[in-house]
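See below for the structure under consideration.
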Amino acid sequence: MNPKILSLLMSMVLIASGEKAAAIAANAHPDQVQQTGNPAAGLININKLVLWTQADGMTSFNPFMQSSPSPIPWGAIYPYGVPAGLVYADGIVWGGFVHDGHTPVLRVGGSTLRTGLQPGAILTPGVAEDPTAAIVNRVWRYRADWQTADLTPEAFTLLVSQPDAALRHFRYSTDELKAVADSLRTRYGKDRLEWPWQKGAPFYDINQNGSMEENEEPGLLNAAQVVWYVANDLDSERTLALYGSPPIGLEVQVTLWGYDQPDLENSVYRRTKIIYKGTQSTPAYAVIDSLAIGLYSDIDIGSFDDDFAGTDTSLQMMYGYNSTFLDTIYHTRYGIGPPAFGYSLLYGPIVVSDNTDDWACFDFKARRGFRNLPMTASWVDRTGDTDSQPTTGKYDGTLHYYNILCGFRPRPVTPPDPFHNPATGLPVRFSMTGDPVSGTGWLDEFPGNRQITFSSGHFRMVLGDTQEVTIVMTAALGADRLASLTALKFFTRKAREYAGYMVVTHAPAHDPSMLPTSFQLLQNYPNPFNSGTILLFDLPGNARVRLAIYDLSGRRVTTLVDEQRQAGRHVVSWDGTDAQGGSVASGLYLIRLEAGNQRKIGKLMIIR
C-alpha cells in the first residue's frame with residue numbers, strides 16, 4: 001500500500017478515541033459464533049482488504065471475539081488501517097445425498113456461524129491428524145519479500161483486532177509495532193521452512209517433479225501473499241452440532257491469495273478444494289449425488305443494523321451495501337462513506353460437458369470436455385422476514401439448508417417451496433436481482449442485519465474425487481453507498497478478468513516467444529457461460545482487428561476490439577453485456593473476428 005495512504009488511514013484511526021472508542025467496544029452483534037477448541041488463525045493483509053481466517057474453516061471472523069468481546073466485531077476489515085469492517089463471519093457449506101450404507105443419506109456440512117470442521121488433514125479413511133497438535137492446528141502464511149518487507153502495517157492490522165484496542169484508542173508505539181513486526185517476520189520464516197507442500201499447499205514446482213526442492217518457493221499465480229490451511233469433517237460432535245448431520249469424510253483445503261497492484265488491491269481470491277476421503281466405514285462404492293456447494297456470509301457493512309444485500313447474476317455475485325448515506329461506523333467515526341462488499345463465483349465445480357470443445361478451470365488449468373457450474377441460487381435472509389436461518393444442532397437444519405442450496409425456501413421442508421419475486425409473483429432461484437444504482441428491478445428494502453447464501457450445483461463425487469470452488473471477495477469505497485456499489489462492480493470485473501487471464505495463460509500450451517503461424521479464433525472459455533467469458537485469437541502479423549458479438553439475426557450486440565494489434569496471441573474478456581451496458585438474454589451468439597481481409601466466425605452460448 002502507498003505509505004501516504006496508510007499514514008492517512010492510521011491518522012484517521014487515531015482520531016477514534018474517548019467516547020468513540022468506547023462506542024466501538026459497545027457495538028453489540030445479534031449473532032454469536034459458536035465454536036469449540038482454540039483454532040489457530042491468521043490474516044491475509046497484503047492489500048486494502050484484510051481478512052481473518054481460521055484453521056477450522058471459519059473465515060472473516062475475528063478470533064479475538066472468542067475469548068472476550070472485541071472492539072472490532074468484524075473479520076473482514078476495510079480499508080486497510082481503519083478499525084471497521086464488512087463481515088462478521090463467513091464459510092463454505094455443502095449438501096448432498098451420501099450413499100455409503102449409512103443414514104441419514106442427505107447430509108449438510110461446512111461452516112456458517114459455527115463450524116462443522118476441525119483442523120488437519122485426513123490421513124486414511126476416517127483417521128485425521130490430531131487437531132490439537134501445533135503443527136496441525138495452524139494457518140500457514142507466505143510472502144516472497146518476508147525477509148525485507150516493512151511488516152509494520154501487518155502488525156497494526158493484527159493489533160487493532162485485539163480486545164484492548166479500543167481502550168488504548170488504537171494507539172501503539174513504534175517499539176510495540178516493531179516488536180510485533182519482528183515476531184511476524186519470524187513466523188514467516190517458520191512457515192517458509194515448514195511449508196506443507198506434502199499436504200497440498202501450493203508452491204512453484206519449477207522442475208515439475210511434484211516435490212518442493214530447496215530452490216523452489218511457496219506461492220501461487222504470482223500472488224504477493226498466500227495463506228493456506230487444511231481441515232476435515234471427521235469430528236461427529238462438530239458436524240452434529242452444526243446441522244445434525246454425521247461426518248462424510250471430506251478434507252477441505254483452503255487457499256487465499258492477494259495482490260498489491262492497482263485494480264486488484266481491493267480483492268482477495270479464495271479457493272476451496274474438497275477431497276472425498278471417507279470415514280472408516282465408507283465402502284469403496286460410496287458416492288455423493290446431487291451435491292451442491294455454497295458460500296454463507298453474515299455481512300455487516302459498518303453497523304450491522306442498516307444493511308441491504310443483492311445478487312448480480314451477470315457477475316455471479318452476491319453483495320452487501322449500506323442502506324443509508326450516514327453509516328454510524330464509517331461516516332460518524334471516520335468521516336468516510338460506507339463501502340460495499342461482494343463475493344463473486346469465478347469457477348464452480350466441474351462436470352462433463354456435452355461439447356468436447358468446452359474447457360473447465362480446475363487447479364488453474366483448463367480441462368477440455370468439462371465445464372464449470374455457474375451460480376445456481378442465491379438467498380438474502382433479512383431481519384424480520386418470514387424465512388429464517390436453518391436450525392442448528394438438529395437434523396432439521398440439514399433439510400433447511402439443502403433447500404437453500406437448491407434455490408428453495410428453508411421451510412417447509414417438503415414439498416420445497418420456491419422464492420417468489422414480489423413484483424411479478426413468479427418463482428425464482430435468485431434473490432434481490434435488481435440494480436440499486438438505477439433503482440430498477442427487485443431491490444432490498446427495510447434495512448437491518450443481512451445473511452446471504454449463494455450456491456452452485458448439482459454434481460457428483462465418488463470416493464477419491466476432488467472438486468474445487470474459486471471465488472473472489474472484493475470491497476470498494478466511493479463517495480456514498482451507491483458510488484461504492486458502482487466501484488465494487490468495477491473492481492469485481494477487473495478481478496474476474498485477471499482470473500480469466502491466469503487460467504487462459506496456463507491452459508493451452510503456448511510459448512509466448514513464438515509467434516502464431518496462422519490466423520485463428522479459438523474457442524471461448526468458459527462456454528456456455530453465465531457472467532463472463534474469455535476470447536482468444538492468434539495473429540501471425542500486425543493487423544487492424546475488429547472483434548464483435550452478433551445475435552443470430554445479424555444485429556451487432558457489441559464491439560470488443562476495433563484497433564491495430566501486434567502479432568501474437570490476444571486475450572479479450574466479455575461480460576455478457578451489450579454496447580449500452582445491459583445484460584443480453586440467454587441464447588446462442590456469433591463471434592466475428594476480422595483482421596485485414598481475413599475473417600473468422602465462432603459461436604458462444606449464454607445461460608442466465
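Every heavy atom of this structure was used, including side-chain atoms; hydrogens, water molecules and symmetry mates were not.
- If you run side chain to side chain contact (heavy atoms under 4.5 Å, CB included) between Gln225 and each of Ile44, Val268, Leu220, only Ile44 comes through.
- In this structure, OG1 on Thr533 lies 10.0 Å from CH2 on Trp359, to the nearest 0.5 angstrom.
- Heavy-atom minimum distance, Ile329 versus Ala84: CG2-CB, 3.6 Å.
- Donor-acceptor pairing under 3.5 Å is recorded for the side chains of Arg496 and Ser344.
- The pair Asp575-Lys489 fails the salt-bridge criterion, with no side-chain N (NZ, NE, NH1 or NH2) lying under 4.0 Å from an Asp/Glu carboxylate O.
- Looking at every heavy atom in both residues, Glu468 comes nearest to Phe364 through OE2-N, 4.2 Å.
- Ser455 contributes a side-chain N or O that, together with a main-chain N or O of Leu405, makes up a donor-acceptor pair within less than 3.5 Å.
- A side-chain N or O of Tyr188 and one of Arg141 form a donor-acceptor pair less than 3.5 Å apart.
- Thr474 contributes atom OG1, which lies 12.0 Å from atom CD of Glu265 (distance to the nearest 0.5 angstrom).
- The backbone N or O of His102 lies less than 3.5 Å from a partner atom in the side chain of Asp100, making a donor-acceptor pair.
- No donor-acceptor pair closer than 3.5 Å links the side chain of Asp56 to the backbone N or O of Pro119.
- At least one donor-acceptor pair under 3.5 Å links the side chain of Ser484 to the backbone N or O of Pro338.
- The closest side-chain donor-acceptor pair between Asp444 and Tyr321, if any, does not fall under 3.5 angstrom.
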Side chain to side chain contact (heavy atoms under 4.5 Å, CB included) evaluation trace for Thr112 with Leu242: CA-CA 8 Å; Thr112 53; Leu242 182 62; 3.9 Å; yes

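- Note on Asp387 versus Arg409: salt bridge recorded, some NZ/NE/NH1/NH2 to OD/OE distance being below 4.0 Å.
- Side-chain N or O atoms of Ser456 include none that pairs as donor or acceptor with a backbone N or O of Gly348 at under 3.5 Å.
- Among the candidates Leu51, Leu256, Leu184, Thr157, the single residue satisfying the side chain to side chain contact (heavy atoms under 4.5 Å, CB included) test with Leu43 is Thr157.
- When atom types are taken as modelled, the side chain of Thr376 and the backbone of Gly457 share a donor-acceptor pair closer than 3.5 angstrom.
- For Asn47 (side chain) and Ser267 (main-chain N/O), a donor-acceptor pair under 3.5 Å exists by modelled atom type.
- If you check the side chains of Asp381 and Gln389, you find a donor sitting under 3.5 Å from an acceptor.
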Verdict with supporting geometry, Met432 and Glu445, side chain to side chain contact (heavy atoms under 4.5 Å, CB included): CA-CA 10 Å; Met432 317 294 169; Glu445 54 186 348; over 6 Å; no

Residue pair Glu251, Val230: steps toward the side chain to side chain contact (heavy atoms under 4.5 Å, CB included) verdict: CA-CA 7 Å; Glu251 179 177 297; Val230 59; 3.6 Å; yes

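- To the nearest 0.5 angstrom, Trp195 atom CH2 is 9.0 Å from Tyr142 atom OH.
- At a threshold of 4.5 Å between non-hydrogen side-chain atoms, the residues Met317 and Thr492 count as touching.
- Phe64 contributes atom CZ, which lies 4.0 Å from atom CD of Gln162 (distance to the nearest 0.5 angstrom).
- Residues Ser245 and Thr398 bring a donor and an acceptor atom of their side chains to less than 3.5 Å of each other.
- Using a 4.5 Å heavy-atom cutoff, the side chains of Phe362 and Asn372 are not in contact.
- For the residue pair Trp52 / Ser60, no side-chain donor-acceptor distance below 3.5 Å is found, with atom types taken as modelled.
- Here the closest heavy-atom approach between residue Leu117 and residue Ser111 is recorded as CD1-OG, 3.9 Å.
- Within the 4.5 Å cutoff, no side-chain heavy atoms of Leu49 are placed close to those of Asn266.
- Relative ring orientation between Trp140 and Trp228 is described as tilted, the plane-to-plane angle lying within the 30° to 60° band.
- Taking each heavy atom of Trp379 and Met318 in turn, the nearest pair found is O-CE, 3.6 Å.
- In summary, the side chains of Arg450 and Ser297 do not present any donor paired with an acceptor at a separation below 3.5 Å, with no hydrogens or angles considered.
- One N or O on the side chain of Gln316 and one on the backbone of Met375 form a donor-acceptor pair closer than 3.5 Å.
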Test side chain to side chain contact (heavy atoms under 4.5 Å, CB included) applied to Val351 and Arg460, step by step: CA-CA 8 Å; Val351 296; Arg460 185 174 186 263; over 6 Å; no

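- Salt bridge annotation for Lys190-Glu194: present, with a cationic side-chain nitrogen under 4.0 angstrom from a carboxylate oxygen.
- Remark: aromatic rings of Trp257 and Tyr269 are close, center separation under 6.0 Å.
- The residue from Asp298, Val380, Ile299 that alone fulfils the side chain to side chain contact (heavy atoms under 4.5 Å, CB included) condition with Gln451 is Asp298.
- Put simply, the residue from Thr239, Asp233, Asn137, Asn232 that forms a side-chain hydrogen bond (donor to acceptor under 3.5 Å, both in side chains) with Gln118 is Asn232.
- In this pair, Phe454 and Tyr343 present their aromatic rings tilted. The plane angle is within the 30 to 60° band.
- Defined by atom type and a distance below 3.5 Å, a donor-acceptor pair is missing between the side-chain atoms of Arg143 and Asn45.
- Here Tyr296 and Tyr401 keep their ring centres 6.0 angstrom or further from each other.
- A heavy-atom distance below 4.5 Å is found between the side chains of Thr53 and Val227.
- Distance check: Thr466 OG1 to Lys277 NZ gives 8.5 Å after rounding to the nearest 0.5 Å.
- The backbone N or O of Asp306 sits less than 3.5 Å from a side-chain atom of Ser323, completing a donor-acceptor pair.
- Of the possible donor and acceptor atoms, one in the side chain of Asp205 sits under 3.5 Å from a partner among the backbone N and O of Gly210.
- Across Thr103 and Arg107, no two heavy atoms sit closer than the pair N-NH2, 4.4 Å.
- For the pair Leu373/Ile350, no side-chain contact is recorded, criterion being any heavy-atom separation below 4.5 Å from C-beta on.
- The shortest heavy-atom contact between Ala495 and Leu264 is CA-CD2, 3.8 Å.
- You'll find the side chain of Ile288 stays beyond 4.5 Å of the side chain of His99, heavy atoms only.
- A donor-acceptor contact closer than 3.5 angstrom links the side chains of Thr282 and Thr279.
- Two residues are said to be in side-chain contact when any heavy atoms from C-beta on lie closer than 4.5 Å; Gln54 and Thr115 fail this criterion.
- Taken from CZ in Phe408 to CZ in Phe419, the straight-line distance is 10.0 Å, to the nearest 0.5 Å.
- Within the 6.0 Å centre-distance limit, the rings of Phe97 and Tyr402 are counted as a close aromatic pair.
- Looking at heavy atoms from C-beta onward, Asp300 lies out of side-chain contact with Val87 at the 4.5 angstrom threshold.
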